[in-house]
Colleague: 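Pasting in a structure now, in structure tokens, and then I'll have a few things to ask.
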Amino acid sequence: MSMFKQLPMALAVSSVIALTGCGGGSSSSDSDSDTTSSQTISGTASAPAGTVAQLQSTNPLEIAMSFLISPAQAEITGLQPIKGADVELIRVDDDGNQIGDVLATTTTSISGDYELTLPTGVSLAGNLIVRITGQNDRIMRAQVVEQDVDISPVSEYVLQSFIDNGTDLDTLDPEKVVKLSGKVEEFDLTAGANLDEMFEKLNEVAGDYVATQVALIETDAGDATTISGNYRSSALSFNLHDSDNAGYGTYALDYYSEFFSFDGAADGSVEVTFSGGESAYSGLGGPGLANATVYYETDIYQDEEDTFSAAFNAANVLVVEGEFEEEFEAGDDEGFRYPAATYPLQKVKGENLFFVQAQDGAVRYALVDTDGDSETDALDPSEKRGDEAFRSIEAFVELPASASISDISGAYGRVYLASYVNDGGPIEVTTEATTLNFDGQGTVAFTATTSDRVSTTGYTNLDEPASTSGSLPYSVDSDGTVTVDGSKGFVNSGFNFIAFGGAFQENLNSAEFDTTYIVKLPDAAPAVTDKTYRLMFLGVTPSASELAISTTRFASTLTMTSETEATINATTDEVILPGFGSNLTFNKGEASMDQASVNIAANGYTTMTVAGVGETTTLEGFFNEDGSLGVFRTTYAEENGDPTELGVAVLIELP
């Protein structure tokens, strides 16, 4: 279930149902400008063909990955030329409304081609538009940011995405618009019966990618010298796998902690070096929960190293472009293809501490023997075996140059998320929140814990009595490693954030994975009015009937309108495994606005309540010393019911 339970809906532009040509004749230009001194733009206009309404039922994740099989085959099929249609050249404002008169017109040919000469003084720009108007005044548009401009559902989708984001169209970098449109055009999907279906499919397949790119595309470069340093990451990933109608599914968990160095330049460019890490994986798989069994493995990869480029911008975002990867081992039965993706790491103000929310996927294929040596050695793209979805929040922490036990001292707030799996069930998800007090000498005191557990067998409240308290030993190594009662984590260079995480097995039939965020607490409630935060949320629903994972998109924000109220603008997506023998389904959300009541105590302990019709979402956790970072555990419950979804949320103040 999604964080705020918004059902997926088509984009506003999906009200466009069909386009029909309104003019006649071959392509021509009404402009009297001298073509030898003016720029000529040309392209093709196309729209879905009604005759290909349902070629094949296709899983959205399969669609999203399949374009990677062969770049030569990557295309949107099912589009047909729009012939004999009037094409108008206009300017628009940032809401997409026409400004002034039509600048030039022409007509598409029988093959959908058009050519149009720009009037004298008119330059390529993000607010210069070519437009086709069909029946009932329905339109399809494209931004004239280069001389080759195709008018298609993709061009309308990209333009509308900029408009929905409030983008200044006139100042858009043309090269970035061209790049984004080209990436969307690479997705291999069937258009459907009409534009309504087309836009819905584009939202399902490319919505998160486009929303992230649009949110970043206008941002200027930042000074990346300020983020140079050595980092360690910590992530707990929740995963769902299917087997393409073969009656087998998996609920899986990954924990990984890895080492990086960032070498930043003043122009925003960053060289990122990866230098190994450690991980654990567990999958509970089978034809049904009662018959599912646990697989568990760990890995240490300290000798690996790789270097890649990233870009840091003025919005405190480090953008990493992930590349397409193909992964298999010779002799295995199956291999994987992972899509290229964008990973925007949001930096905490005043700290070299980043968080990124990943919504990744993979397609699983059979392997084949291509050289006749009786050993598989290549993926067979014609034999797809299943889809896999991965959802996580990952912290990147700059490590201290030198640390000692006295560096961690005072009150801290702790938020914890864990999941447990066992042969035949149950699947459990547990969250906790508590306060800690480090004495700077080796003892940490803890207070009563508030805690909930949701499992495939139901809900359990695990809150401890208010009088519950105790203490544990802790130590700090010079490299920032923190050990509390045998559990190891690491502290950041500011000594105000600590991450723990890992996995363990008590026996071969079970496994438990967890992650912990700890922030240093203020002496007085931080002032938060008018602050806007990046909202990253991950929630898990482990019910007996289905497994679901919900996440917010990168553009999701929370704005504190006062010290006691907040407005949440979020888009929440959901991946669902209806049963271990079923195929994955995907609910792509639409941006929504919700109101939250907020209570911030003097020590930063915070509760936020989002009350909808017949449902309540609660965030419980802590703001740090200056209110630039908040970490929370989350619960969702329907009216008068117990929580059915548990998760974590992170709020990072935006500059």
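Side chains are part of it too, since the values below use all heavy atoms of this structure and drop only hydrogens, waters and symmetry mates.
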Colleague: How far does CZ of F259 sit from CD of Q302, to the nearest 0.5 angstrom?
Modeller: 7.5 Å
Colleague: Between D573 and R553, does a side chain to side chain contact (heavy atoms under 4.5 Å, CB included) hold up when you go through it step by step?
Modeller: CA-CA 7 Å; D573 297 327; R553 294 189 185 179; 2.8 Å; yes
Colleague: Would you give the length of the straight line joining atom CG of D360 to atom OH of Y343, rounded to the nearest 0.5 angstrom?
Modeller: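 Atom-to-atom, D360:CG and Y343:OH are 3.5 Å apart.
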Colleague: Can you check whether L654 reaches I652 side chain to side chain, under 4.5 Å on heavy atoms?
Modeller: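 Side chain of L654 against side chain of I652, heavy atoms only: no contact under 4.5 Å found.
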Colleague: Counting heavy atoms not belonging to D523, are there more than 12 under 6.0 Å from its CG?
Modeller: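 Not buried by this count: 12 neighbours or fewer within 6.0 Å.
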Colleague: If only atom types and distance count, is the side chain of K520 paired as donor or acceptor with the main-chain N or O of S409 below 3.5 Å?
Modeller: yes
Colleague: Using the rule given for side chain to side chain contact (heavy atoms under 4.5 Å, CB included), can you reason through F497 versus V491, listing the C-alpha separation, both sets of side-chain angles and the distance that settles it, and then say yes or no?
Modeller: CA-CA 6 Å; F497 179 84; V491 67; over 6 Å; no
Colleague: Rounded to the nearest 0.5 Å, what's the gap from CZ on F513 to CG on L236? Could you check?
Modeller: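 F513 CZ to L236 CG: 8.0 Å, rounded to 0.5 Å.
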Colleague: Between the side chains of N239 and S237, does any donor sit under 3.5 Å from an acceptor?
Modeller: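 There is such a pair (donor and acceptor under 3.5 Å, judged by atom type) between the side chains of N239 and S237.
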Colleague: Heavy atoms only: give me the nearest T552-Q357 pair and the separation to one decimal.
Modeller: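 The pair with the smallest heavy-atom distance is O-OE1, 3.0 Å.
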Colleague: For the residue pair Y533 and F623, is the inter-centroid distance of their aromatic rings smaller than 6.0 Å?
Modeller: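 Aromatic pair counts; centres sit under 6.0 Å.
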Colleague: For residues P344 and T342, report the shortest heavy-atom separation together with the two atoms involved.
Modeller: CD-O, 3.4 Å
Colleague: Return the minimal non-hydrogen interatomic distance between L619 and A649, and the atom names on each side.
Modeller: CD2-CB, 3.9 Å
Colleague: Going by the rule salt bridge (charged side-chain N to carboxylate O under 4.0 Å, His left out), which residues pair with R364 if we only count those two or more places apart in sequence or in a different chain?
Modeller: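 R364 satisfies salt bridge (charged side-chain N to carboxylate O under 4.0 Å, His left out) with E334, E388 only.
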Colleague: If we check side chain to side chain contact (heavy atoms under 4.5 Å, CB included) with I498, which of these qualifies: T516, I408, V397?
Modeller: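 Only match with I498 under side chain to side chain contact (heavy atoms under 4.5 Å, CB included): I408.
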Colleague: Does the gap between the ring centers of F355 and Y517 come in under 6.0 Å?
Modeller: yes
Colleague: Do M608 and L651 touch side chain to side chain, with heavy atoms closer than 4.5 Å?
Modeller: yes
Colleague: Checking S152 against D150 for the side chain to side chain donor-acceptor pair (under 3.5 Å) test, could you report, in this order, the C-alpha distance in whole Å, the side-chain angles of both residues, the deciding distance, and whether it holds?
Modeller: CA-CA 6 Å; S152 71; D150 290 336; over 6 Å; no
Colleague: Between Y255 and E278, does the side chain to side chain donor-acceptor pair (under 3.5 Å) criterion hold? Intermediate values first, please.
Modeller: CA-CA 8 Å; Y255 177 78; E278 58 187 19; over 6 Å; no
Colleague: Is a side-chain donor-acceptor pair under 3.5 Å present for E258 with Y231?
Modeller: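 Y231 vs E258: no donor-acceptor pair found between side chains.
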Colleague: With the side chain counted from C-beta on, respond yes when D387 and H241 share a heavy-atom pair under 4.5 Å apart, and no when they do not.
Modeller: no
Colleague: Dump the intermediate steps for side chain to side chain donor-acceptor pair (under 3.5 Å) on T559 and T567, then the final yes or no.
Modeller: CA-CA 5 Å; T559 299; T567 298; over 6 Å; no
Colleague: Examine R232 relative to F396 and say whether NZ or CZ is less than 6.0 Å from the centre of the six-membered ring and inside a 45° cone about the ring axis.
Modeller: no
Colleague: Show the numbers, then the answer: is there a side chain to side chain contact (heavy atoms under 4.5 Å, CB included) between L353 and K347?
Modeller: CA-CA 6 Å; L353 170 62; K347 179 181 176 295; over 6 Å; no
Colleague: Please tell me if the side chains of L124 and P174 come closer than 4.5 Å, counting only heavy atoms from C-beta onward.
Modeller: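 They are not in side-chain contact.
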Colleague: Given side chains that start at C-beta, do those of Y251 and V540 come closer than 4.5 Å, heavy atoms only?
Modeller: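 The answer is yes; the side chains approach within 4.5 Å.
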Colleague: What are the two closest heavy atoms between A403 and V476, and how far apart are they?
Modeller: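 That would be CB-CG1, 3.9 Å.
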Colleague: With side chains defined as the heavy atoms from C-beta onward, is the minimum distance between R141 and Q160 less than 4.5 Å?
Modeller: yes
Colleague: For G264, does its backbone N or O pair with a side-chain atom of S228 as donor and acceptor, under 3.5 Å?
Modeller: yes
Colleague: Find out whether Q143 and L172 are in side-chain contact, i.e. whether some heavy atom of one side chain is under 4.5 Å from a heavy atom of the other.
Modeller: yes
Colleague: Report yes or no: does T606 contribute a side-chain atom to a donor-acceptor pair with the main-chain N or O of G604 at less than 3.5 Å?
Modeller: yes
Colleague: For N352 and T226, indicate whether the former's side chain and the latter's backbone hold a donor-acceptor pair under 3.5 Å.
Modeller: yes
Colleague: Got F632 and V650 here, is their nearest side-chain heavy-atom distance under 4.5 Å?
Modeller: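 Heavy-atom side-chain distance check fails, nothing below 4.5 Å.
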Colleague: Mind checking the CG-CG spacing from D407 to N496? Nearest 0.5 Å is all I need.
Modeller: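 These two atoms lie 11.5 Å from each other.
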Colleague: Run V363 and F336 through side chain to side chain contact (heavy atoms under 4.5 Å, CB included) and show every step you take.
Modeller: CA-CA 6 Å; V363 177; F336 304 87; over 6 Å; no
Colleague: For Y281 and Y296, what are the C-alpha separation, side-chain angles and deciding distance, and is it a ring pair (Phe, Tyr, Trp, His ring centres under 6.0 Å)?
Modeller: CA-CA 6 Å; Y281 170 85; Y296 179 86; 9.0 Å; no
Colleague: Between D173 (side chain only) and E175 (backbone N and O only), is there a donor and an acceptor less than 3.5 Å apart?
Modeller: yes
Colleague: Within the supplied structure, the quantity of interest is the number of heavy atoms (other residues, nucleotides, ligands) at a distance under 6.0 Å from D303 CG; does it exceed 12?
Modeller: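 Count not over threshold, so no.
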Colleague: With a distance cut-off below 6.0 Å to the six-membered ring centre and an angular limit of 45° from the axis, does R633 pair with Y416 as a cation-pi contact?
Modeller: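 So R633 doesn't make the cation-pi contact.
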Colleague: Compare every heavy atom of M560 with every heavy atom of A566, then report the nearest pair and how far apart it is.
Modeller: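 Scanning both residues completely, I find the closest heavy atoms to be CB-SD, 3.7 Å.
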Colleague: Out of curiosity, T250 OG1 to L240 CG, how far, rounded to the nearest 0.5 Å?
Modeller: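 These two atoms lie 9.0 Å from each other.
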Colleague: When you measure from the side chain of S257 to the backbone N and O of S233, does any donor-acceptor pair fall under 3.5 Å?
Modeller: yes
Colleague: Calculate, to the nearest 0.5 Å, the distance between atoms OG1 and CG belonging to T571 and N569 respectively.
Modeller: 8.5 Å
Colleague: Hey, mind stepping through S275 and E305 against side chain to side chain donor-acceptor pair (under 3.5 Å) and telling me if it holds?
Modeller: CA-CA 4 Å; S275 55; E305 185 169 308; 6.0 Å; no
